[in-house]
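The structure presented is a predicted model; accordingly, all values stated were derived computationally and were not measured. FYI, the numbering just counts along the sequence from 1.
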Amino acid sequence: MKQSVPFFVSYARRDLDDVNRFRAVLEPLLKSSAEFAFGAWTDQVILPGEHWRSEIDAALQRSRFGLLLLSPEFLASQFITQNEIPSLLAKQVVVPVALQRISLDGSMDLRGIEDRQIFRDAKGRAFDGCGRMTGRREFAGQLFTKILALLKKYPC
């Protein structure tokens, strides 16, 4: 039986097009895992009329790890930086992913993520730098391998 692995996807709403392209290549890999049953949570599952803040808080608590999709918009979001990042950084496993190019030279405030290894592909690219589908799939495949390694290194 596969081990259940709920995870929280943290992203900026303005990045939704990039987020959807990213999820389209990563999620089939996660679903193919022989060992883990991954369950992504995003705010898109909040139904009309639900208390959105309590839904987010509950999902943060339930998640085994956080997938942080980094971009300038992500780092500029007051809600993400004050609510989601602190909660996710408290988890044993957090996976910051360069969705878009971000500067690591100290010119950008990385909101507490600066001491975490940020995933870029083997060529040093952010996801949006992988223009063709082949590059996007390679990016997702490399990330999938790293996520599996993290979950094996830090079992729940």
*Looking at side-chain heavy atoms only, is the closest gap between L143 and V95 below 4.5 Å?*
yes
*At what distance, to the nearest 0.5 angstrom, does CD of Q3 lie from CD of E35?*
7.0 Å
*If you look only at pairs with a residue in residues 58-76, which of them pass as a side chain to side chain donor-acceptor pair (under 3.5 Å), with sequence neighbours excluded?*
D15-S71
*Has K153 got more than 12 heavy atoms of other residues, nucleotides or ligands less than 6.0 Å from its NZ?*
no
*R53 bridged to D57 by N-O distance under 4.0 Å*: yes
*Give every residue pair that meets the side chain to side chain donor-acceptor pair (under 3.5 Å) criterion with at least one member in residues 139-148, sequence neighbours excluded.*
none
_For D43, all residues meeting side-chain contact (heavy atoms from CB on, under 4.5 Å), sequence neighbours excluded_ = Y11, R13, W41, I46
*More than 12 heavy atoms of other residues, nucleotides or ligands under 6.0 Å from OH of Y154: is that the case?*
no
_Rounded at 0.5 Å granularity, tell me how far CD in E84 sits from CG in L60._
6.0 Å
*For atom CZ of R14, decide whether the heavy atoms of other residues, nucleotides or ligands shown that lie under 6.0 angstrom number more than 12.*
no
*asked:* Quick one: does any side-chain atom of E50 pair with a main-chain N or O of L47 as donor and acceptor, under 3.5 Å?
replied: yes
_ring-ring contact (aromatic ring centres under 6.0 Å, His included) partners for F119, two or more places apart_ = F139
*Any donor-acceptor pair under 3.5 Å from K123 side chain to G135 backbone*: no
*Might you point out which heavy atoms bring S107 and S103 nearest each other, and give the distance in Å?*
OG-OG, 3.1 Å
*Can you check whether F74 reaches I113 side chain to side chain, under 4.5 Å on heavy atoms?*
yes
*How would you list, by chain and number, every residue that makes a side-chain contact (heavy atoms from CB on, under 4.5 Å) with T134, sequence neighbours excluded?*
E138
*So, the side chain of R116 versus the backbone of L89: is there a donor-acceptor pair under 3.5 Å, distance only?*
yes
*Separation of R23 CZ from L30 CG (nearest 0.5 Å)*: 10.0 Å
*Decide yes or no on side-chain contact (heavy atoms from CB on, under 4.5 Å) for F36 and F7, but give the supporting numbers first.*
CA-CA 12 Å; F36 302 105; F7 68 98; over 6 Å; no
*Quick one: which residue pairs count as a salt bridge (charged side-chain N to carboxylate O under 4.0 Å, His left out) with a foot in residues 128-137, not counting sequence neighbours?*
none
*Between S54 and H51, is there a donor-acceptor pair closer than 3.5 Å when you use the side chain of the first and the backbone of the second?*
yes
*Any salt bridge between R111 and D109, counting N to O under 4.0 Å?*
yes
*asked:* Would you compute the distance between atom CD1 of I85 and atom OG of S10 and round it to the nearest 0.5 angstrom?
replied: 6.5 Å
*Quick one: CZ on F22 to CG on D17, what's the gap to the nearest 0.5 Å?*
15.0 Å
_Among T81, I102, L70, the one residue meeting side chain to side chain contact (heavy atoms under 4.5 Å, CB included) with L110_ = I102
*Atom pair CZ (F144) and OG (S33), whose distance is rounded to the nearest 0.5 Å*: 5.0 Å
